[in-house]
Amino acid sequence: MSQTRLMFFLLLGAAFMPASMAAQYSQGDSGQYVILSAQYGTPAHHVDVTNRLKQIARGDNTFRMGNSTFGVDPDPGHEKTLRIFARGPNGRERMFEYREGSTVDGSTFTSWRNGSWGNDRWNGGWEGNDRQNQPEMSAALQNLREAQRNLESATHDKGGHRAKAVELVRQAIREVEAGVQFDNSHRSQGER
């Protein structure tokens with residue numbers, strides 16, 4: 001009877017081994033967001049780096065981002081940004097923005113290392129889907145992001161006012177993005 005139990009446990013262990021090994025190798029791939037596109041540069045000059053990001057993701061969960069990372073400098077002399085456009089579990093799209101020199105953590109994204117993302121058709125460009133139809137909102141987003149960068153780069157805390165201003169600008173960015181998304185989802189096809 002003991003040989004039967006031993007055999008049972010060995011078979012049971014063998015049955016679950018592939019699942020546990022898969023879990024081990026998929027760490028960092030359990031994020032909530034599926035990447036649609038990755039754009040690198042500035043509002044004036046940017047390039048699609050989705051395929052290059054896939055190559056990087058296969059090797060690392062995190063990496064420091066810059067011109068050498070993507071092998072291109074789309075706007076020499078200007079600070080670049082990586083924008084990752086992704087779809088969340090609720091179906092809503094979101095943009096993740098990383099300034100040049102910052103660290104990107106792939107654990108936010110689903111299937112980061114296996115690269116089964118970025119295959120959907122993407123025509124949103126630098127500002128995301130349909131934002132080009134809302135030039136005032138797009139300009140507001142650009143200005144707010146510039147204000148955020150300036151505030152974050154400022155020295156000293158200014159008695160807590162700088163930190164409060166940064167939070168208010170972040171809130172304003174979220175509200176403008178929500179307004180763009182609302183307008184995009186509530187306009188009829190004839191209005192586009």
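Every heavy atom of this structure was used, including side-chain atoms; hydrogens, water molecules and symmetry mates were not. Just so we're clear, the structure is a prediction, and the values are computed from it rather than from any experiment. By convention here, the first residue in the shown sequence is residue 1.
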- Item | For Y98, ring-ring contact (aromatic ring centres under 6.0 Å, His included) partners two or more places apart | none
- Note on the structure: Residues passing the ring-ring contact (aromatic ring centres under 6.0 Å, His included) test with F96, sequence neighbours excluded, are Y33, F109
- Would a hydrophobic clustering, with Ile, Leu, Val, Met, Phe, Trp and Tyr connected at side-chain separations under 4.5 Å, put L82 with V72? yes
- Please report the C-alpha distance between N51 and Q55 in whole Å, then the side-chain angles of each, then the deciding distance to 0.1 Å, and finally whether the side-chain contact (heavy atoms from CB on, under 4.5 Å) criterion is met. CA-CA 7 Å; N51 289 331; Q55 294 171 344; 5.9 Å; no
- Item | From CA spacing to verdict: side-chain contact (heavy atoms from CB on, under 4.5 Å), R58, R113 | CA-CA 4 Å; R58 286 187 189 108; R113 286 193 128 168; 5.9 Å; no
- Residues forming a side-chain hydrogen bond (donor to acceptor under 3.5 Å, both in side chains) with H78, sequence neighbours excluded: D75
- Query: Under the side-chain hydrogen bond (donor to acceptor under 3.5 Å, both in side chains) test, which residues partner E167, sequence neighbours left out?
  - Reply: R174
- Task: Please check if atom CZ in R170 has more than 12 non-hydrogen atoms from other residues, nucleotides or ligands closer than 6.0 Å.
- Result: yes
- Query: Does atom NZ of K164 have more than 12 heavy-atom neighbours from other groups under 6.0 Å away?
  - Reply: no
Applying salt bridge (charged side-chain N to carboxylate O under 4.0 Å, His left out), can you list everything that pairs with [X], at least two apart in sequence or on another chain?
X	answer
R162	none
E175	none
R99	E79, E152

- Query: Given L53 and I84, is the side-chain contact (heavy atoms from CB on, under 4.5 Å) satisfied, shown in steps?
  - Reply: CA-CA 10 Å; L53 186 62; I84 298 177; 3.9 Å; yes
- Query: Between Q39 and F85, is a side-chain contact (heavy atoms from CB on, under 4.5 Å) present by the stated rule, with each step listed?
  - Reply: CA-CA 8 Å; Q39 307 285 319; F85 297 92; 3.8 Å; yes
- Query: What heavy-atom pair brings P74 and V47 nearest, and what distance separates the two atoms?
  - Reply: CB-CG1, 4.2 Å
- Query: What are the two closest heavy atoms between S37 and D48, and how far apart are they?
  - Reply: OG-OD2, 3.8 Å
- Message: Between Q32 and G88 (side chain of the first, backbone of the second, donor and acceptor by atom type, cut-off under 3.5 Å), is there such a pair?
- Response: no
- Determine yes or no for a side-chain-to-main-chain donor-acceptor pair under 3.5 angstrom, with K54 supplying the side chain and W117 the backbone. yes
Just distance, no hydrogens or angles: give the donor-acceptor pairs under 3.5 Å from side chains in residues 63-70, sequence neighbours left out.
| from | atom 1 | to | atom 2 | distance (Å) |
| --- | --- | --- | --- | --- |
| R64 | NH1 | G101 | O | 2.6 |
| N67 | OD1 | Y40 | OH | 2.6 |
| N67 | ND2 | D73 | OD2 | 3.3 |
| T69 | OG1 | R64 | O | 3.2 |
| T69 | OG1 | G66 | N | 3.0 |
| T69 | OG1 | G66 | O | 3.4 |

- Taken to the nearest 0.5 Å, the spacing of H45 NE2 from K80 NZ works out to 10.5 Å
- Distance col, row T42:OG1 vs E100:CD, nearest 0.5 angstrom, shows 10.5 Å
